[in-house]
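So you know, we letter chains A, B, ... as the sequences are listed, proteins then strands, and number each from 1.
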There are 4 protein chains.
Amino acid sequence: MAPVPPAPNGAPRPGRPRSPAADRAILDATRQQLAELGYAGLTVEGVATRAGVAKTTVYRRWTAKADLVVDAVVEGVQAPLQPQPSGDGEAVVRALVAALAAPEVRGAYLALFAEAQVDPVLRARVHERLVHPARRLVAALTHVEAPDADPDLVFDLVAGAVLHRVLITARPADEPFVRQVAQTIRAAARPALG
Amino acid sequence: MAPVPPAPNGAPRPGRPRSPAADRAILDATRQQLAELGYAGLTVEGVATRAGVAKTTVYRRWTAKADLVVDAVVEGVQAPLQPQPSGDGEAVVRALVAALAAPEVRGAYLALFAEAQVDPVLRARVHERLVHPARRLVAALTHVEAPDADPDLVFDLVAGAVLHRVLITARPADEPFVRQVAQTIRAAARPALG
Amino acid sequence: MAPVPPAPNGAPRPGRPRSPAADRAILDATRQQLAELGYAGLTVEGVATRAGVAKTTVYRRWTAKADLVVDAVVEGVQAPLQPQPSGDGEAVVRALVAALAAPEVRGAYLALFAEAQVDPVLRARVHERLVHPARRLVAALTHVEAPDADPDLVFDLVAGAVLHRVLITARPADEPFVRQVAQTIRAAARPALG
Amino acid sequence: MAPVPPAPNGAPRPGRPRSPAADRAILDATRQQLAELGYAGLTVEGVATRAGVAKTTVYRRWTAKADLVVDAVVEGVQAPLQPQPSGDGEAVVRALVAALAAPEVRGAYLALFAEAQVDPVLRARVHERLVHPARRLVAALTHVEAPDADPDLVFDLVAGAVLHRVLITARPADEPFVRQVAQTIRAAARPALG
DNA sequence: AATTAAACGAGACGGTACGTCGAGTCTTATC
DNA sequence: GATAAGACTCGACGTACCGTCTCGTTTAATT
């Protein structure tokens, strides 16, 4: 019983260790299912089958479907969201676009926040794993290009614009768009915004 | 058979007409369920019970859960989204906040776009009923306060900022926030944005 | 409201008179559905459609599916079950076989008695319309060929044998079978049976 | 998937074995529902609830309502239908009466043959599990008391008489009745019947 | 090498909701 | 007042996933 725990200890636990191959296969399968079917269409049974793994093996690691999906999305998001050393505005916007454009992210991001609307545990998890990393990235931009601006506002403006472009209006988030968003922040920062 | 059709005809159709009371009761029940349980927690069975109506009566009008929810959300959104005669920037932002803050909208908005990500029919429906009205509202702002700006960009910036504030970071979308967003657009518009 | 009544009065009732064509069409359709689909497979909706009649028209004449089926079966049974003037044993058995062999009767007879097992109103109806006519027919045989026998016993033996042959074992109820059954009664009657 | 199969193998199958307690509870509940509500009144939902079991657990074992009922009826019938060592005519008739008089059998027997009229798969099943055992029992009688008679005829006569008495005319199948039926066969057998 | 303890595959289990179907009733407009 | 059409309530259907539970079977680390 008791799922999830055995991750963060160095001491070898008794009994057969969990298969790292299963971890990988499950997360990969989850990302594929999300990309193809979206969050609602994803089933734990389907993930397990695709991963060549028993359902128990999934539930031993993740308590529920939402947890599993959070981890899969975090994987898809963390590479692009790596803190930029530069703090260049356009690079930050470009990173946000890259994060949301990954197909498994498109299929799951909004659904996770939709569920979080009503499930406080999931909300906390999703804030910690998805919102905060993005926030940290945008903070770099704020420091460099709009040092006097309210960081919360800049975050909502920049991340909101990208999210809305990619997942709501679904128009291309191309280079001109990236430049315009970065430019907007710079322009607004001039007379002090906030 | 064949659900939904009998809406837009003036000619009296044969047979017993659909009960308008049932329409109302179903939509009201849907809004209540969305506010309390969110999209994933809403069940057609629950809506029907709460509306004091048989499940078949729901399915006769709406093919799928998503369709029903679109209509319920549109109802919650259309009053605040009424086109502003003025085009005053802050009024527009305030209207967007009001639209998304309605509890049934909070519980459903993201979920609809999440499903739309993977269901083209729903995507079209949701664009027509939810995205376009918001877009028209923001267009007023563009015309008056940022006539040279790219309307698509302004829409993503303004609607994105509100959406992100209300549904993602879930911080208060209060008057200062409203002013700041409007101010940002004005500031960015000065040197021509777009 | 109030279905069924307007059959047995000579006085012309007010309003539009019931269509005799509808009566016929409904009963014919019922017999066809019974023959093709059996009792469980028959639906009132299907009968109405096939009869080219609205469902209301069916329910105005018969309170329930079982009632309708009783009448349809009685129609299929009453011609063969006409009282034999002769009282010839083999003719009686042959008549019983003919009554049960009609396809709409095969599909419905047992089902009606199955339901009657648990529904006293149906049981009364089915006894009056189906059991008693058969009983009267067999009584003729008893009088002539087994005058000292218990009529109840002869009825159960003869009608039971035919019923079992046609609807349970489903072997051919041919002329040899008819002769053997009649012969059995005669043989048993000799030393007085009952 | 694939219901029913895992009955007749000795080799232990993979996965959690089916609960024998559930088997028992389901069949018991089925017999109770049949006795109280008859075949038409029995619902899988009701059986599951009464058995304290999920609906899926029923459907995993039996494909359809009719299959489940066959098994329940066979259980109610097999004790009385145990082959008589003696071959005493009255004992055989008494056994048939006892088999059909069980309340779950009364409520279901005719309904099964009614459905079998139109469903060949059910017909085969019902013949194998219900008709043949009764036939074997009556065969004993034939051998001893009517060795020259056609066994098919004797079966239809004896089983038919009992069935008709118990389930159609619904008059008491008491000792006098039992004696009379046995006596009829004996009398008819004298001059050779068949 | 034998033991131990947990992971693992398989699949049954209790639940809950799905979307459909049929029974029987009710409500229109038309005949 | 009968009729056609079709909406309505109710209750069950059989299916699909959820997340949990038992099985029998590996697989490491420990004795």
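- Residues meeting the side chain to side chain contact (heavy atoms under 4.5 Å, CB included) test with B/R50, sequence neighbours left out: B/A29, B/Q32, B/Q33, B/E36.
- In this structure D/E115 satisfies the salt bridge (charged side-chain N to carboxylate O under 4.0 Å, His left out) test with no other residue, sequence neighbours excluded.
- Residues meeting the ring pair (Phe, Tyr, Trp, His ring centres under 6.0 Å) test with D/F113, sequence neighbours left out: D/Y109.
- For A/T56, no side-chain nitrogen or oxygen approaches OP1 or OP2 of E/dA10 to under 4.0 Å.
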TODO: May I have the step-by-step check of side chain to side chain contact (heavy atoms under 4.5 Å, CB included) for C/R31 and C/L34, ending in yes or no?
DONE: CA-CA 5 Å; C/R31 293 223 304 273; C/L34 286 175; 5.5 Å; no
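- Taking atom CZ of D/R60 as the reference point, atom P of F/dT22 lies 15 Å away to the nearest angstrom.
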Tabulate protein N/O versus nucleotide N/O from nucleotides 17-19 of chain E, keeping only pairs under 3.5 Å, one per line.
{"unit_1": "E/dC18", "atom_1": "OP1", "unit_2": "B/V44", "atom_2": "N", "d": "2.8"}
{"unit_1": "E/dC18", "atom_1": "OP2", "unit_2": "B/V44", "atom_2": "N", "d": "3.3"}
{"unit_1": "E/dC18", "atom_1": "OP2", "unit_2": "B/E45", "atom_2": "N", "d": "3.0"}
{"unit_1": "E/dG19", "atom_1": "OP2", "unit_2": "B/Y59", "atom_2": "OH", "d": "2.4"}
{"unit_1": "E/dG19", "atom_1": "O5'", "unit_2": "B/Y59", "atom_2": "OH", "d": "3.4"}
{"unit_1": "E/dG19", "atom_1": "N7", "unit_2": "B/K55", "atom_2": "NZ", "d": "3.1"}
{"unit_1": "E/dG19", "atom_1": "O6", "unit_2": "B/K55", "atom_2": "NZ", "d": "2.8"}

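- Separating the CG atom of A/L37 from the P atom of F/dA16 is a distance of 16 Å, rounded to the nearest angstrom.
- Contact between the side-chain N/O atoms of B/R61 and the OP1/OP2 oxygens of F/dC8 is found at a separation under 4.0 Å.
- Looking at D/K65, its side chain does come within 3.5 Å of a backbone N or O of D/L42 through a donor-acceptor pair.
- A donor-acceptor pair is defined here as one N or O able to donate and one able to accept, closer than 3.5 Å; such a pair exists between the side chain of C/T30 and the backbone of C/I26.
- The CD atom of D/Q33 sits 13 Å away from the C1' atom of F/dA12 (whole-angstrom rounding).
- Overall bending of the helix from E/dA1-F/dT31 to E/dC31-F/dG1, expressed as the angle between end axes built from five pairs apiece, is 10° (10° steps).
- With sequence neighbours excluded, no residue forms a side chain to side chain donor-acceptor pair (under 3.5 Å) with C/Q117.
- For C/T43, the side chain to side chain contact (heavy atoms under 4.5 Å, CB included) criterion is met by C/E45, not counting sequence neighbours.
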Distances under 3.5 Å only, N/O to N/O: pair up the protein atoms with those of nucleotides 28-31 of chain F.
none

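- If you measure from atom CH2 of C/W62 to atom P of F/dA2, you get 14 Å, rounded to the nearest angstrom.
- Side-chain contact between C/L68 and C/T63 is absent, with no heavy atoms from C-beta onward closer than 4.5 Å.
- Nearest-nucleotide positions on DNA chain E place D/D23 closer to the 5' end than the other of B/P14 and D/D23.
- Under the side chain to side chain contact (heavy atoms under 4.5 Å, CB included) criterion, D/A114 pairs with C/L110, C/A111, not counting sequence neighbours.
- Residues passing the side chain to side chain contact (heavy atoms under 4.5 Å, CB included) test with B/D71, sequence neighbours excluded: B/L27, B/W62, B/R125, B/R129.
- Counting all heavy atoms, side chain and backbone alike, B/Y39 lies closest to B/A108 at CB-CA, 4.3 Å.
- Comparing E/dC8, F/dC8, E/dC26 by their closest approach to the side chain of A/R18 singles out E/dC8.
- The distance between atom CG of A/L68 and atom C1' of F/dC17, rounded to the nearest whole Å, is 15 Å.
- Contacts between residues 47-54 of chain C and DNA chain F, defined by a heavy-atom separation below 4.0 Å, involve C/G52, C/V53, C/A54, listed by number.
- A/R24 pairs by the side chain to side chain donor-acceptor pair (under 3.5 Å) definition with A/D28, A/E75, not counting sequence neighbours.
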Task: Test salt bridge (Lys or Arg N to Asp or Glu O under 4.0 Å) applied to D/R61 and D/D23, step by step - done: CA-CA 8 Å; D/R61 288 141 216 259; D/D23 284 89; 2.5 Å; yes
